[in-house]
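What you see is a predicted model, and the numbers here were worked out from it, not measured in a lab. Numbering starts at 1 and runs along the sequence shown.
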Amino acid sequence: MAIRVLHVATGNVGRIALSQLIEDPRFDLAGLVVSNPDKIGRDAGELAGLDVVTGVQATGDLEAALAARPECTVYCALGEIRLTKALGDIRTILASGSNVVASSPVPLIYPWGVLPDGMIDPVEDACRAGGTSLFVTGVDPGWANDLLPFAIASTCQRVEQVRCLEIADYASYDGSPVILDFMGFGRPVGDLPKMFRPGMLAASWGVSLRMLARGFGFELDEITEWFEQEPAPEAFDVAAGHIPAGGVAAVRFQIRGVVGGKEVLVIDHTNRLRGDLRPDWPQPAQDGGSYRVEIDGEPSYRVDVCPSSARGDHNYSAIASGAGRIVNAIPDVVAAPPGLRTPLDLPFNTARGVFATTLPR
């Protein structure tokens, strides 16, 4: 029997996740919640960019949508700049009796040591009250620095260091709240956005470092941060907006997990708005962007992952991979015991059933 699912938000991640919920026979779309008044009343198929009529119309009322008693809710609302509101939404959903798979808030991927107990305990209380479980994931933080390094390291006799890299051109990514506000592209160099304020990188990506450490069986002594900004040589426009001459047009940053004075786990981002900027920084394995895992050990590895899609460019395909990870986890999250779940708690293979959408019955 198909799993009844409520979907929340139709932004860059949500729209792609919604299209899978509609097309995948494992799921029955029970409702759709949006925040944009212009989308209220429109059919879910239209908002997903599909040429289908589902009969499910978007509403702006989360609690009314929960009255349909969905077994799981896919929560894709932006959490980076509305953490308190997003946490409140998720607690409401969990307490209602609906499990949750989500793309945000990112700290809930592995919140211990990142969020204070005063933020974690109410989420776990809501899970107990509703008999529900919560799983938050994405790309990076997400599968690119948890599933991928664990899978590769499982073939090693010895591991000395793991490095997870994102190398991407963000020029075609139209998420201006993330690109311009959170990451600070277009600002004068040194005018630091929220992402580069002390502790924010460690808070955002420390979830992955701490989870990696737990999976490998040790604790980190500390997490350190480093970043560098590169100005635009002249003004130009990107999907998210205008970049003035001298405004930040490329960034590189690292979050490093340290044990005994040695950097053993490293997350390394190189994000450009033009491919010609800072050629000395890491280069992608394909035009536009790729992910990379480097392991120093026995044996050592350099593994490049190059997402692509018939529906869009490298930025679309990267987002689609995160949306797919969220939606494919639904059956295992519904079956999981109540509580906040991580990739360390769920079956490694959450892809069961994906061939059902293409293979003959």
**Asked** Are I167 and I319 grouped together when hydrophobic residues (ILVMFWY) are joined by side-chain heavy atoms under 4.5 angstrom apart?
**Response** no
**Message:** If the threshold is 4.0 Å, N to carboxylate O, is there a salt bridge linking E225 and R256?
**Reply:** no
**Residues R272 and D169 bridged, charged N to O under 4.0 Å** = no
**Prompt:** For residues Y316 and S172, is any side-chain donor paired with an opposing acceptor at under 3.5 Å?
**Reply:** no
**Asked** According to the interplanar angle, ranging from 0 to 90°, do the rings of H269 and W205 count as parallel (below 30°), tilted (30 to 60°) or perpendicular (above 60°)?
**Response** perpendicular
**Item:** Residues R252 and E228 bridged, charged N to O under 4.0 Å
**Value:** no
**Nearest-0.5 Å distance that lies between atom CZ in R82 and atom OG in S35** = 7.0 Å
**Prompt:** Is there a path from L83 to I90 through hydrophobic residues (I, L, V, M, F, W, Y) whose side chains come within less than 4.5 Å of each other?
**Reply:** yes
**Message:** Under a 4.0 Å threshold between the charged nitrogen and the carboxylate oxygen, would R163 count as salt-bridged to D268?
**Reply:** no
**Item:** Face-on cation placement of R274 at F236 ring, 6.0 Å and 45° thresholds
**Value:** yes
**Asked** Could D89 and R91 be called an ion pair, given the rule that one side-chain N must be under 4.0 Å from one carboxylate O?
**Response** no
**Prompt:** Under 3.5 Å, is there a donor-acceptor pair between the side chain of S290 and the main chain of A285?
**Reply:** yes
**Fill in**
Per ring pair (Phe, Tyr, Trp, His ring centres under 6.0 Å), F196 is matched among F185, F182, F227 by F227
**Asked** Rounded to the nearest 0.5 Å, how far does CG of L62 lie from OG1 of T73?
**Response** 7.5 Å
**Asked** Are M200 and V251 connected in a single hydrophobic cluster, I mean Ile/Leu/Val/Met/Phe/Trp/Tyr linked by side-chain heavy atoms less than 4.5 Å apart?
**Response** yes
